[in-house]
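Worksheet: the structure to be examined is printed underneath.
From a predicted model like this one, the values you see are computed outputs, not experimental measurements. Here is the naming used below: chain letters follow the sequence lines, and residue numbers restart at 1 for every chain.
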Amino acid sequence: MHSYCRTLIRGVALAGLVAAWLALAGTASAATQKPAPAKPVAVAADYAGQDTCLGCHEDKAAAIKAGPHARAFNPRTPAATSGCESCHGPGKAHAEAGGDKTKIQVISKLRPQAASELCTSCHDRKTHAFWAGSQHDSRNVGCTSCHSVHAPKGEKALLKAGSQSELCATCHRNIVNKQNRFNHMPVREGKMACSSCHNVHGSANLKLLKAGTTVDESCTSCHTEKRGPYLWEHAPVADSCVTCHDPHGSNNDRMLVAKQPFLCQRCHVTSRHPPTVYDGYLLQNSANGNKIYGRACVVCHQQIHGSNSPNGKAFLR
Amino acid sequence: MRNRITTLTAALVLASASMVMAQQKPADSTGAAAAPSFGSIDVGLRVTSASGDEARYERYRDLRNGVNVNFNFGKETAESLFSVKGKNVGYQDQSYDAKYANGKFKVIGFWDSIPLNYSYQTVTPWVEGAQGAFTLDPASRTAVQNKTAVGILCAPGLPASSTCSNPTTAALALSYPSIYRGIARPFDLTQRRDTYGASVDFAATPDLAVNAGFQSIKKTGHQPWGASFAFNVANELPAPLDTRTNDFTVGAEWTNNQAMLRVAYDYSKFSNPIKSLTWDNAVRATDTNPYDASGYSNGNGPAMGRMALWPDNSMSVFTTQGLYRLPAHTTLNGSLSFTTNKQNDGLIPWTTNSAINNPTVWATFPGLKALPRTSAEAEVQGVNAVLNFTSRPSRYVTFSARYRYNDHQNKTPIFDAVEYVRFDAVPEETGGETEQFGIKRDTMDLSATLNLPSMSSLKLQYIFDNVVRTGRAFSDMTDRTFRTSYDLLGTQLFTIRALYDHTQRRGSGFSESAIEDGGAQPGLRFYDEADRTRNRATLLFMVTPMEKLDVDVSFSSGKDTYNGEGHDFGLLNNKNTAFTLAANYTASPKSVFGASYGRDSYNAFQQSANANPSCTLNVPPCVPGTYDSWTDPNRVWNLTNDEKVNNFDLYADLLKVESHTDVHFGYTYSSSDNAFVHGGPRIQALRTNAILTPGDTAPCAAGVSSCFIPLPSVTNTWQRFTADARIEATKKIGFGLTYWYEKLDISDFATIDTNGSVGFAAATGTPRIDYLGSLTTGYGNRPYKGNTFFARVFYLF
């Protein structure tokens with residue numbers, strides 16, 4: 001009950017914050033809302049038409065025509081609406097002024113958040129619904145940081161680089177380098193990519209994971225045999241896979257964060273064999289060497305992710 | 001071979017079909033309706049030669065010699081788009097996808113295969129009859145049981161002194177090869193994941209979209225698996241895989257300029273027809289009868305073992321998500337989902353050991369006569385919610401608030417296994433009841449960002465994360481994080497991104513009995529819930545000194561210190577740092593070069609105690625009033641894991657080198673040196689073979705001056721070189737040549753070659769399956785060298 005009260009209080013506090021903000025924003029808006037000067041509303045007469053744009057910017061045509069923005073059968077694309085001016089705004093004044101850049105929206109000059117607001121005026125659904133306030137948005141990594149409508153290099157998604165790994169390495173190079181570790185997911189083989197696990201546009205899960213709402217739900221969306229629930233559960237497994245595994249790559253077997261038996265010995269400090277000193281002497285001179293070589297601890301405790309056996313107490317069966 | 005040809009034929013038929021479909025469509029305005037409007041097909045020959053661990057060279061690929069086909073067709077008109085792709089047609093790693101879209105529908109279909117090649121050097125004496133049932137040669141088992149042959153080194157059988165405890169007995173054991181070595185048969189230890197599925201999106205109206213999807217994942221093959229009978233009778237078998245996961249999803253989304261609302265239902269079902277694994281005991285042909293109370297330790301166990309494999313399970317999720325746009329660049333979005341996970345497979349019996357499954361034993365252990373219940377009845381329910389509020393009321397400031405709630409409620413009824421059977425060998429009363437691990441988490445994340453001139457921003461963030469757990473040592477754990485970041489983007493010359501965060505984790509509701517009831521030292525804390533102080537910092541600096549050159553440098557460092565009261569054992573701290581340096585030079589639009597270097601360092605420190613059970617528990621062998629190793633500080637030891645990783649990349653892209661030739665080169669190097677260094681008073685004692693106090697057992701034979709032997713570092717170096725040339729003979733036809741070279745050098749003490757433990761002994765590259773205390777498949781980490789050459793012809797549409 002105590003924890004429910006705390007949760008309720010936090011929820012009410014958040015709702016109160018939101019309500020207060022709405023009130024303030026509304027008040028501020030009302031307070032600053034002088035009778036608005038007559039702001040010109042863009043009308044069809046303000047638009048130059050795509051042919052006019054391409055008359056000067058012919059070099060932009062090829063990439064646009066090859067990409068998804070040119071698919072006129074999709075009624076939401078620029079090709080089905082106002083062409084170039086769907087994103088860059090009305091261009092008649094810009095064209096009549098001989099290409100005056102102050103009279104057109106130059107997206108590369110916008111602040112990332114402003115550029116992203118432009119893109120998300122259309123790309124605001126499905127996988128993009130959680131963009132606002134997401135990790136990238138909040139660090140000024142906008143749509144144009146990763147995508148190029150006019151000069152994409154990637155095969156898909158108009159990326160600025162030839163592959164997701166190359167693109168993400170711009171900021172996350174030490175993570176991308178982990179695909180070269182001895183044990184890794186099949187990223188460098190081309191079978192997976194960063195977006196196999198992450199939705200970089202924002203998600204309801206931690207760490208921009210795209211499946212589920214917890215780390216475990218994300219991992220077990222593919223590794224379903226470990227989803228359970230099991231009769232006997234291993235506490236750190238029920239909590240988070242990354243307690244023991246490094247999903248980006250590791251030089252330890254099975255992508256563990258440390259080599260066995262030492263990883264297990266971080267938690268199993270009891271008597272008898274768990275805290276035994278597993279050194280070279282045992283490895284070469286004792287049957288207990290089987291806790292060091294091969295599968296180490298899980299040669300016996302194989303059901304380490306959970307057991308459905310009545311005898312599964314120590315995950316032996 | 002047959003599968004490859006059939007698949008290749010199917011691919012070509014599909015390609016032909018797409019062309020026929022194009023022909024059947026009304027001609028487009030250019031009159032070229034018969035041909036795809038884009039795409040390519042390339043057909044070539046691949047030749048691979050590899051030495052050493054060839055499976056590791058392939059790993060997730062199929063690089064066999066043969067014809068290699070890739071295709072990509074598509075047609076786009078004013079009304080629709082259709083495309084179909086295929087890669088590595090007919091091989092274990094083939095993949096296909098097809099897409100059709102028009103103004104209303106978008107349909108996607110795919111099939112992808114991913115092999116996982118563990119080893120082509122594995123052998124096993126076990127024979128798999130029915131799936132999951134492994135038997136051994138009866139004569140060999142009888143010989144071992146009768147002590148006329150060696151089954152597992154250091155286990156019951158030959159030699160007469162079957163207990164390995166010092167160099168002399170171990171050398172003796174190693175000189176007697178296992179009888180099973182001679183009858184072990186080679187096999188390829190591999191598995192494959194096949195995923196296929198389809199989805200359809202229908203735009204019912206400009207604002208309303210409906211979608212449905214199906215995906216099926218099948219896993220077949222085998223994977224290495226432990227299956228043991230005692231401390232000195234450990235086995236590794238190739239566990240069979242024949243699982244399938246079917247995922248269904250259906251949803252509807254309504255969106256307009258102001259808001260979005262989505263509802264969805266997802267259902268996933270995992271099925272595994274192989275419910276258990278049974279395997280013969282290599283040292284027993286018959287059940288030890290009567291059972292030996294030390295059978296779990298000395299190997300006097302059953303003739304056969306049985307364990308439960310992955311049970312069928314299901315997951316259903318109902319989700320609703322919404323978004324609402326408010327004035328002042330404000331967005332409110334959120335998600336609420338309800339999850340149910342269920343698993344109700346039938347339980348395997350306590351044991352198949354006839355020496356235990358009888359009324360004589362049941363009289364002493366009545367709980368073993370029947371199971372408390374016959375199926376798992378396992379269930380977890382979840383409620384998960386997230387609410388995000390973000391607002392930019394002026395160009396100078398952004399506010400954000402996020403609340404996350406996760407409730408993982410374990411509803412599985414308790415299962416009483418206080419009386420249970422250990423290793424199928426011994427009935428005991430030292431079992432216990434199953435534990436229900438429940439987790440409830442709520443997280444509040446507040447941030448404010450000042451948007452400064454030159455497209456820079458300073459963000460301040462506070463995160464309060466509270467976790468309530470059941471079944472753990474701490475009932476309540478709270479992380480408080482203060483984070484600040486600075487991003488500078490507005491100059492043409494450079495970009496800076498910096499972040500620092502500090503987290504204090506504090507637990508409450510600590511239960512010492514939760515630690516001690518598990519037989520652990522009272523000073524142990526589990527690092528995933530222990531008090532902790534974390535500091536992390538990252539700095540990324542990108543500079544473009546000239547238009548053709550960009551350089552980026554990054555540095556990151558993090559340290560976790562576990563500094564809670566009474567935290568003496570377990571993981572005590574870890575630290576990691578990473579440095580990267582990269583440069584890209586665009587000499588011309590047709591020639592680009594790049595290089596990068598990365599160095600990572602990981603360091604972790606943990607502490608333990610090598611001691612007998614506490615005398616206060618009156619547990620043998622400790623006699624109350626005599627020496628108590630449990631509390632002796634001289635029994636404490638520690639381990640420092642220190643790993644250094646270097647990564648180096650080079651590339652060169654040369655386009656139109658000879659007017660119609662594109663050439664690409666790439667080189668990647670990755671090395672690791674992973675050291676495990678023991679320290680502390682216990683280790684010092686082992687080095688000197690000193691008798692600490694009366695009652696302590698020296699681990700070494702008398703006369704040996706120093707018996708602690710450090711483990712050698714685990715090292716590996718991986719290199720890959722690729723070269724690719726693409727020559728356009730005409731506008732439509734061209735040739736391609738590709739070469740891959742990979743080399744892995746690795747030394748890992750956990751790999752046992754014919755010479756013994758690699759690192760202590762020189763690697764031979766050939767497994768030894770019979771080593772001290774185990775009979776394995778020989779799977780290990782071994783070096784390789786691989787070369788793959790492609791020559792192909794391509795046609796462009």
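Counting all heavy atoms, side chain and backbone alike, Ser757(B) lies closest to Leu283(A) at OG-CD2, 3.3 Å. Between Arg497(B) and Cys171(A), the closest heavy-atom pair is NE-SG, 4.3 Å. For the residue pair Ala287(A) and Asn232(B), the shortest heavy atom distance occurs at CB-CB, 3.8 Å. Considering all non-hydrogen atoms of both residues, Gly280(A) and Leu711(B) come closest at N-CD2, 3.6 Å.
Residues that satisfy the side-chain contact (heavy atoms from CB on, under 4.5 Å) test with Asp124(A), not counting sequence neighbours, are Arg76(A), Thr255(B), Arg325(B). Contacts of Glu435(B) classified as side-chain contact (heavy atoms from CB on, under 4.5 Å), with partners at least two apart in sequence or in another chain: Phe437(B).
Salt-bridge annotation for Asp112(B) and Lys191(A): present, with a side-chain N of the basic residue lying under 4.0 Å from a carboxylate O of the acidic one. With respect to the salt-bridge test (charged N to carboxylate O, under 4.0 angstrom), the residues Glu253(B) and Lys126(A) do not qualify.
Side chains of Asn251(A) and Asn716(B): a donor-acceptor N/O pair is present below 3.5 angstrom, by distance only. Between the side chains of Asn180(A) and Asn647(B), at least one donor-acceptor pair of N or O atoms lies under 3.5 Å. Side chains of Asp253(A) and Asn781(B): a donor-acceptor N/O pair is present below 3.5 angstrom, by distance only. Glu225(A) and Asn272(B) form no side-chain donor-acceptor contact under 3.5 Å, judged by distance and modelled atom types alone. For the residue pair Ser268(B) and Arg227(A), a side-chain donor N or O sits within less than 3.5 Å of a side-chain acceptor on the partner.
For Thr170(A), the parts lying under 4.5 angstrom from a heavy atom of chain B are both the backbone and the side chain.
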